[in-house]
Amino acid sequence: MFPITRMRRLRSTKIKQMMQETKLDVSDFVYPLFVDENITRPVEVASMPGVFRLPVDGVVSEVREVCELGIPAVILFGVPRDKDENGTHAWGNDDVVQRAVRQVKAEFGDDIYVITDVCLCEYTNHGHCGVTQGEQILNDPTLELLGKTAVSQVASGADMVAPSGMMDGMVQAIRRSLDMEGYTDVPIMSYAAKYASNFYGPFRDAADSSYTFGDRSTYQMNPANSDEALREVELDIAEGADIVMVKPALPYLDVLYRIKQQFQMPTAAYHVSGEYSMIKAAAQLGWLDDKRTMYESLIAIKRAGADIIITYAAKQLCLNNYFSSNSG
Ligand code: PBG
């Protein structure tokens, strides 16, 4: 007890690093990339300063930078030229993500791990994550399309697929489709506990995936629930998920913590667009330091149990060498 015990003894800069329980490392990061078929040069996303939509031909140079920084993985989202009722351009051999993946793999091979997001919302003209009938989003007819999409992405060279549409049975459907084509060794990272969140707002600018009616609350989770998240994760594991994800991250650290404790699965957390943008916006106003606040957010996510962090801030933190010099 005080005055014998003084916690401050171990907080001097001399020993602080050694006492640090959680360390953030560049190897924790997955960097999201938006590939847009409608542009010829990179276009900054208005609501996400520092994040760019890239033309298909611009992906290679971006990935080169990512590799040079030591970031091990990217996750690709596509913005197609044409959208339709069923999201047909999610699975064509010459569609946007398939083309981008082929270019990246031809250039970098195993030097970069390529994950592809498997969802229809960027490809449907109504912006929902599944096939619709009237204002209903149909679960089962969507599954087959997700399977096809995953297979086409893997056939183009994707190393891992990440279904994000919150359809029941999506992991099983994708696992079966991949296995039937012989892709038994390709892992699935499931967006298992994905909440119907307002924090996705800026992403929908970036990926041009706003919906034309309703919202996503009939398939994404209610922010008030966390027991339900455990059930979602349990089902996805049973269906064959190799990695489970919680999304968003910072407002759901309790959920992340419970999931990691309960299942001890490789667990990812998605530090989403809104989490990124609100820090950037405050920084633009001079209200806080964006890099330090970003670092603090990400270390909190890791401390809560994330093995993998998907974040738009990955490059910026690496460029500023935030790992050795800033322990908080
Ligand atoms: C597609 C998808 C979304 C995000 C990732 N995949 C948007 C959504 O569900 O509305 C959000 C990512 C972010 O906000 O950074 N279903």
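All ligand and atom numbering here is 1-based and tracks the order in the structure. No hydrogens, no waters, no symmetry mates; every other heavy atom, side chains included, goes into these values. We number each residue from 1, following the sequence as shown.
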Heavy atom of the protein closest to atom 15 (O) of ligand 1 (residue, atom name, distance): Y312 OH, 2.6 Å
query: Where do Y123 and V96 land on the side chain to side chain contact (heavy atoms under 4.5 Å, CB included) test, with the steps shown first?
result: CA-CA 10 Å; Y123 306 93; V96 56; 4.2 Å; yes
query: Does the N or O separation between R204 and ligand 1 drop below 3.5 Å for any pair?
result: yes
salt_bridge(R204, D208) N-O dist < 4.0 Å: no
- prompt: Are D28 and K302 ion-paired here, with the side-chain N under 4.0 Å from a carboxylate O?
  reply: yes
task: Write out the residue and atom name of the closest protein heavy atom to atom 11 (C) of ligand 1, then the distance separating them to 0.1 Å.
output: K247 NZ, 2.8 Å
Sub-4.0 Å atoms of ligand 1 with respect to non-hydrogen atoms of Y270: 12 (C), 15 (O)
query: Where the closest heavy atom to atom 2 (C) of ligand 1 is concerned, which of K194, E122, M166 has it?
result: K194
statement: Quick look: S273 vs ligand 1, heavy-atom contacts under 4.0 Å, and the answer is both
message: Under a 4.0 Å threshold between the charged nitrogen and the carboxylate oxygen, would E21 count as salt-bridged to R303?
response: no
message: Are F34 and F52, when compared by the centres of their aromatic rings, separated by less than 6.0 Å?
response: no
field: Under 4.0 Å to a heavy atom of C121 - the qualifying atoms of ligand 1, by number
entry: 1 (C), 16 (N)
task: For ligand 1, note which part of S164 has a heavy atom under 4.0 Å away: side chain, backbone, both or neither.
output: both
query: More than 12 foreign heavy atoms under 6.0 Å from CD of E44: is that the case here?
result: yes
statement: re atom 12 (C) of ligand 1, the protein heavy-atom contact at minimum distance is F203 CD1, 3.2 Å
query: Quick one: does E37's side chain have a donor or acceptor within less than 3.5 Å of a partner on R81's backbone?
result: yes
message: Any nitrogen or oxygen of R216, side chain or backbone, less than 3.5 Å from one on ligand 1?
response: yes
D117 neighbourhood, listing ligand 1 atoms whose heavy-atom distance to it stays under 4.0 Å: 6 (N)
query: Looking only at heavy atoms, is any part of F77 under 4.0 Å from ligand 1, and if so is it the side chain, the backbone, or both, or is it neither?
result: side chain
field: Ring centroid separation F203 to F77 under 6.0 Å
entry: yes
